[in-house]
Amino acid sequence: MIIKKYNRETLLRFYREMKRVRGFDTKASELFTKAMIAGNIHTCIGQEATAVGGCLALNPSDFIVATHRGHGQCLAKGGDPGMMMAELFGKETGYCRGKGGSMHIANVDIGILGANGIVGAGIPIGVGSALASKILKTMEVTLVFFGDGASNTGEFHEALNMASAWDLPVVFLCENNKYAVSVNIDRVTKVKDIAERAKGYGIPGVITDGCDVLAVHETVKKAVKRARAGQGPTLVEAKTYRYHGHYEGDPQVYRTKEEVLEWKNRDAIERLRKEIIEAGFALEEELAGIDKEVKEEMEAAVLFAQNSPYPEKKEVMTDVYASDNERGVAR
Amino acid sequence: MRQLTYSKAISEALREEMLRNEAVIVMGEDMGVMGSVFGITRGFMEEFGSDRVIDTPISENGFTSIAVGAAMRGLRPVVEIMYVDFTTVCYDAIANQAAKMRYMTGGQLTIPVVIRAPGGAGRRNAGQHSQSLEAIFTHIPGLKVIAPSTPYDAKGLLKSAIRDDDPVVCIEHKLLYAGKGEVPEEEYLLELGKADVKRTGEDVTIIAWSRQVLSALDAAEQLAKEGINAEVVDLRSLVPLDFETISNSVTKTHRAVVVHEAVKRGGYGGEIAAQISEELFDYLDAPVKRVAGLNVIPPFSPALEDYIYPHSSDIVAAVKELLL
């Protein structure tokens, strides 16, 4: 069993991180439903294993490019839940000082190069980061998250082609949750597995179980090692599922309750919880203790966001340019 | 002073900035082995290596976005889009990515990317290789746009653009490439957002940029023979706009004509005319006039193409109408 390769501390970290991701997005969903958060919220509840398994395969100095369903990715890369939640609230204390919102959380210091509201657009940006690593001769790897929908954009193909042609240190992690908003991937894509497309670029394409955080972790770790060694990119496809709709409030006419239930029965967090207890790494009570801590952490994050000030009106005009003669913005 | 072509001046600007700062790279189609289709980067690959002079596949959106990502990590890429017409296939990279990253991240990210894009008609290249598209960039907050008309301006502005922390679109007119002008040996920079009065006069202000500055100067020569003294303001930088120079000129002449090659409808000339009307109405003796391209697609036929963009005679006629 793969779990035997890990020690208690690491396993509990995986468990805690996945709980944090779910805890954060559960809160976000609740707050949105209560109309306390505006705009759009795309939760990754159900996809925790890809965010956590992927990000924990990186060094702190490595980079990620997140998606519009990216809260989990940012948290797992070291994002502070309070600053993230404040961003969702549009508060001054948010990562982007309220100007980006849910879809654009970024912080270069901790390696988050931003998420993208344009599906697929983050892929070449991640390749650009990898190009910088190559030219600057630093060894950071960039992990690019994207969904099955993005794999049908031109940018996916352009980016994978250039990344493979130039052997760039990048890992492409496709979170295949089966649906691009409402459209089932099988209805718009001939190949059964997105990983198969790697062949077209002469790079490895690997399928992993997106409901098993350790499987995702092992796969991404290998790809990261390969990228760091200068052997070029890997396309990893994690088969996963989002329990909520594309957005909060999505009527989800495109899938059945049975299908959702089937995937919930394969829940990554429950799976790891069971495995940890069965393998004797921790007791039920210890995991319950983590659950409690995470719950408190997320409540504190919400409180921080709620108690934070909104940006001042004058902020609407700042940071359009690094420098200008003010005419460009003012008139 | 020595004379250089516009293309050589651009080439010098790139080379000097690459020598000055290792973070500057150039990328685009045919930039390396070939030295770009207009010869701008000839010899660069030998001098700087293929890591910094990158031949890309025909993937404009992909490689322009790659430049944005590389800029987030500290590089200063200069991207060439072979024809400005092709920026329509990488408009996402320019308008949604490069332009918005700084603001959307609350000032955390800077995107020091320069997008060089040869534009303009007159080479019988037909509808998809001849447009003037500056207005689709001036319309997007977060982008700076320059459109130099002389070798001197092109070099000084491009060097500043490369050192600037914001994304800059540099529109180069293809028919200007072979034209020569004075360029000093010693290094100089020209500040973005500063217009240049190319000719002084008291009777009317002609505002233009890129190749139409030459038409405007030619028109001013013709008008001078008839005793009309036109002032020619070369904007050079469209965003940021140097309204102060426009204002100083129009408050003196009381008449303004805005000239550009791009189609009239929705062109940047409308914006200039509106700003003058809003802010200098009391100084005007006549409505602001626009002399601009016809609202058509650039035709191939040599018998047709030259009718689509303004000539000095059109500017002369417009000025005379204002002075009636």
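Quick note: numbers below take in every heavy atom, side chains included, and nothing from hydrogens, waters or symmetry partners. Just so we're on the same page: letters track the sequence lines, and every chain starts at 1.
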Closest contact, heavy atoms only, B:T105 versus A:A106: CG2-CB, 3.6 Å
Roughly how far, to the nearest 0.5 Å, is the CG atom of B:L109 from the CG atom of A:N107? 9.0 Å
The interface call for B:D92 against chain A, heavy-atom contacts under 4.5 Å, is side chain
CE-CG distance between B:M101 and A:D319, expressed to the nearest 0.5 angstrom: 14.5 Å
Trace of the side chain to side chain contact (heavy atoms under 4.5 Å, CB included) decision for B:R73 with A:E140: CA-CA 11 Å; B:R73 293 280 317 281; A:E140 304 97 348; 2.9 Å; yes
Start with the C-alpha distance between B:I54 and A:L131, add both sets of side-chain angles, then the distance that settles side chain to side chain contact (heavy atoms under 4.5 Å, CB included), and finish with yes or no. CA-CA 11 Å; B:I54 302 173; A:L131 178 70; 4.0 Å; yes
May I ask you to decide if A:Y95's main-chain N or O and B:Q108's side chain share a donor-acceptor pair within less than 3.5 Å? yes
For A:K99 versus B:G106, what's the shortest heavy-atom pair and its separation? CD-CA, 4.5 Å
Less than 4.5 Å to any heavy atom of chain B: does that hold for the side chain of A:N161, its backbone, both, or neither? side chain
Give a yes or no on whether B:Y283 atom OH has more than 12 heavy-atom contacts from other residues, nucleotides or ligands under 6.0 Å away. no
Under 3.5 Å, side chain of B:D51 to main-chain N/O of A:I135, donor-acceptor pair present? no
For A:F63, which atoms come within 4.5 Å of any heavy atom of chain B: side chain, backbone, both, or neither? side chain
A:N116 and B:Q97: side chain donor to acceptor below 3.5 Å: yes
Is it the case that more than 12 heavy atoms not belonging to B:I58 sit under 6.0 Å from its CD1 atom? no
Measure B:T138 against the heavy atoms of chain A and call it side chain, backbone, both or neither at under 4.5 Å. neither
Counting C-beta onward and ignoring hydrogens, is there a side-chain heavy-atom pair between A:E158 and B:P57 closer than 4.5 Å? no
Under 4.5 Å heavy-atom distance to chain A, tell me which part of B:E244 shows up: side chain, backbone, both or neither. neither
How long is the gap from OG1 on B:T64 to CD on A:E155, to the nearest 0.5 Å? 9.5 Å
Interface moiety of B:I25 toward chain A, non-hydrogen atoms closer than 4.5 Å: side chain
Assess the residue pair A:V127 and B:F63 against the criterion (side chain to side chain contact (heavy atoms under 4.5 Å, CB included)); give the C-alpha distance rounded to whole Å, side-chain angles, the decisive distance to 0.1 Å, and a yes or no. CA-CA 9 Å; A:V127 173; B:F63 69 72; over 6 Å; no
Quick one: what part of B:K100 sits under 4.5 Å from any heavy atom of chain A, side chain, backbone, both or neither? neither
Of the backbone (N, CA, C, O) and the side chain (C-beta and beyond), which part of A:E315 lies under 4.5 Å from a heavy atom of chain B, both, or neither? backbone
Checked A:I118, A:L113, A:V108 vs chain B; the most non-hydrogen pairs under 4.5 Å come from A:I118
Identify which part of A:L136 has an atom lying under 4.5 Å from any heavy atom of chain B, answering side chain, backbone, both or neither. side chain
Mark yes when over 12 heavy atoms from residues, nucleotides or ligands other than A:Q306 sit less than 6.0 Å from its CD; otherwise mark no. yes
Under 3.5 Å, side chain of B:D165 to main-chain N/O of A:S323, donor-acceptor pair present? no
When heavy-atom pairs shorter than 4.5 Å are enumerated against chain B, which of A:I105, A:I125, A:I123 gives the highest number? A:I125
Does B:K252, at its NZ atom, have more than 12 non-hydrogen atoms belonging to other residues, nucleotides or ligands within less than 6.0 Å? yes
Can any side-chain N or O of B:Y103 pair as donor or acceptor with the backbone N or O of A:V316 at less than 3.5 Å? yes
Between B:D55 and A:W166, what is the shortest heavy-atom contact and its length? O-CZ2, 3.7 Å
What's the shortest heavy-atom distance between B:L143 and A:Y321, and which atoms? O-OH, 2.7 Å
Residue selection (most heavy-atom pairs with chain A, distance under 4.5 Å) from B:I111, B:N96, B:V68: B:N96
Interface residue of largest heavy-atom contact number with chain B, from A:A165, A:G94, A:G98, A:P124, under 4.5 Å: A:P124
Under 4.5 Å heavy-atom distance to chain B, tell me which part of A:S133 shows up: side chain, backbone, both or neither. both
List the steps, then state whether side chain to side chain contact (heavy atoms under 4.5 Å, CB included) holds for B:M72 with A:S129. CA-CA 7 Å; B:M72 289 178 181; A:S129 166; over 6 Å; no
